[in-house]
2 protein chains.
Amino acid sequence: MGRRTVTMNDVAREAGVSVMTVSNVLNDRSNVGPETRQHVLEVVDRLGYEVNLTARRLRSGRTGTVGLIVPRFDLHYYGELASLISDALAADRMHLVVEQSGASRERELSALSLARLQQYDGVLLSAVGLDMADLDRIHPDLPIVLLGEQDVPDRYHRVHMRNVPGARLATEHLITRGARRIAVLGGKLTAPRQEMATHRANGWSDALADAGLDPRPDLVIPLQDYSIAEARARITDVLAAGLEIDGVFAVTDEVAIGALAGLHDAGLRVPDDVQLVGFDNLDISAHLTPGLTTIDPDRPTMVAESLRLLRRQLEDKNAAPEHVVGTVSLVIRGSTRN
Amino acid sequence: MGRRTVTMNDVAREAGVSVMTVSNVLNDRSNVGPETRQHVLEVVDRLGYEVNLTARRLRSGRTGTVGLIVPRFDLHYYGELASLISDALAADRMHLVVEQSGASRERELSALSLARLQQYDGVLLSAVGLDMADLDRIHPDLPIVLLGEQDVPDRYHRVHMRNVPGARLATEHLITRGARRIAVLGGKLTAPRQEMATHRANGWSDALADAGLDPRPDLVIPLQDYSIAEARARITDVLAAGLEIDGVFAVTDEVAIGALAGLHDAGLRVPDDVQLVGFDNLDISAHLTPGLTTIDPDRPTMVAESLRLLRRQLEDKNAAPEHVVGTVSLVIRGSTRN
DNA sequence: TTTCGCTAGTTTATCGTTATACTTTCGACG
DNA sequence: CGTCGAAAGTATAACGATAAACTAGCGAAA
């Protein structure tokens, strides 16, 4: 109890060599003889020494840690994203830590502070709420890849999905299957700036217009936090208010799950009375009843691309920014008709 | 581009004071005059200085960061847990970072290495896979609270839920509502060591025995990773193999979601043909069709208690270990009959 | 024999903060 | 008038590692 942490100095003294030699052994540098190396490793093992990453980082910069900043831990999308990234990074002998930015403006700024971000070798930023000014503040010499929907200046490395075409695909599918009064749940036609909700509403609107249908404003049902509970409550509201619909494009699968519950509450059958399409293709979406027809953003490819951009920056600080756009595809399940 | 990061030294030089005075200003220490403080703050602002947390940590130890280690990012339970903890910590002006331990033995050891854990002021450890030997290695003077099911030595601060009574409650409810052939999906009767799956299977077994029912081994359906997909596949298997059941106690809600899908695949109606109870009371569980009857572990209280134990250790390194057990309650929804 | 280069190390100077101890100034008090 | 104490600030030495430059010893080439 209370025994002091073992430092490299302790190991050096015990092994009868200099600290530098211990460091050389542990970092597999070449200027150490085989018996010395062996001996040092034994002492390290005996004393239970482990390197102090804080000290290493202060001196050498590198830490082997990548940060992922997400708006919320409890949105399934980000959990799945984090899992994929974590697995992919492990192959590079790096590891991932995840931080949440989204609860409030204050906490978002704190999560994005240079002080915090500097602790990572690189950062994957999936913070929806930040705007240009925020981004400009974190201008530092730190490899960053932006994941998401925001329109950001070209100097940022960035990976995002094809929101508008995806939403269009979803809506066209609903139209093809016979829906005519299609609401967009979680969509926004106007907003202070372009974001996921506006892009997806635009795709919806485009598809309707192309089919000669009217993208009426009352079919656009905005949401605040895109939670299941909120989606369920809002769709219940609009149905109670007399909105007549035979199709719903939910801007995320999570929202679609809420819609499914709300439609059921209202005695409407999916897909018989109302057809439903989501966006994200979460793991759970295949296992709902009915299975959720949705847009698959090809997360594995997006993750691979993000990490490629990150590695490029790690290798070359001045790598030219790249802007990668993922592909989307339609996954048809039981929530739309044949 | 490429401009060097601003350090405290730069601020000091620019403001015409010593670094120590800058440090004193930024840490609100009392030995600085009002005009000096004002001036330093102006310079800090003008240069865009932010403290280097790595250096601060190396020197002073404290960082304001708490680590949460979870087995997987993509299990909903941990996402919800992380969200709750993150919010609760924000009130203490600390923040949370989450790491994943579970993908492989190797990665678990790496996540639990002293080197990594030392970077935090304190650690909340929800790693299911670790055993005594692993725990003994991370003996350091680091505040740790274990969350979960493992039986661990008394010297650890620990918060866990009442697994056996919870499982018993779930199973008794099924029996009360008329189920007689009740499977436990994800349960294990024997395992190398006590864990969530064995505890919950024990509660199931106890309830059956009390009711004069036979906890037959073929009613125990073990799982590997407790994913929705795996649960769905396994229940499909056992039904295809001819297992006759009229109730399922799923060891987690996530497993229950898979069970719901698998039962539906097999043409069985929930709750008419088979009743279903889960465990965890995830946010999503209220929004399934039918709503999932489940055991609520009172996560907010568990989180509050965990943080209390952590704070105690932060304040007093030698605080006596405490062992807190949460309460469970039954939440009745549509997946069981009236 | 001298010189060169290689191996196996060591020494020294940091990385950017903060803890500690120290100095200076100045007013108050006996 | 001397001293004591508080206020405001500075100087120095860490925290634990690594980068960079340096040294000692030795065999081979010139």
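Keep in mind it's a predicted model, so treat the numbers as computed, not measured. Within every chain, numbering begins at 1; the chains are lettered A, B, ... in the order of the sequence lines, protein sequences first and strands thereafter.
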What does A:Ser60 touch in the nucleic acid at a heavy-atom separation under 4.0 angstrom: a base, only the sugar-phosphate, or nothing? sugar-phosphate

Is any side-chain N of the basic residue among A:Glu322 and A:Arg312 closer than 4.0 Å to the acidic one's carboxylate O? yes

Is any side-chain nitrogen or oxygen of B:Arg29 closer than 4.0 Å to OP1 or OP2 of C:dA19? yes

For C:dT18 and B:Arg56 - does any side-chain N or O of the residue sit under 4.0 Å from the phosphate oxygens OP1/OP2? yes

Could you check whether A:Arg37 gets within reach of a base, just the sugar-phosphate, or nothing at all, counting any heavy atom under 4.0 Å? nothing

Output yes when at least one side-chain N/O atom of A:Arg62 is less than 4.0 Å from OP1 or OP2 of D:dT18, else no. no

When all nucleic acid strands are considered with a 4.0 Å heavy-atom cut-off, which category describes A:Asn52: base, sugar-phosphate, or nothing? sugar-phosphate

Using side chain to side chain contact (heavy atoms under 4.5 Å, CB included) as the criterion, point out the one residue from B:Gln313, B:His157, B:Arg311 that pairs with B:Pro143. B:Gln313

Just compare D:dG9, C:dT10, D:dA17 and give me whichever is closest to any side-chain atom of A:Met20. C:dT10

Testing C:dT18, C:dT17, D:dT18 for proximity to the side chain of B:Asn27, the answer is C:dT18

Reckon B:Thr36 touches a base, only the sugar-phosphate, or nothing at all at heavy-atom distances under 4.0 Å? sugar-phosphate

Residue-phosphate contact under 4.0 Å: B:Thr21 side-chain N/O, D:dT10 OP1/OP2: yes

Quick check on C:dT18: is either OP1 or OP2 less than 4.0 Å from any side-chain nitrogen or oxygen of B:Ser23? yes

Under 3.5 Å, side chain of B:Asp10 to main-chain N/O of B:Thr7, donor-acceptor pair present? yes

Evaluate whether atom CG of A:Asp316 has more than 12 neighbouring non-hydrogen atoms of other residues, nucleotides or ligands under 6.0 angstrom away. yes

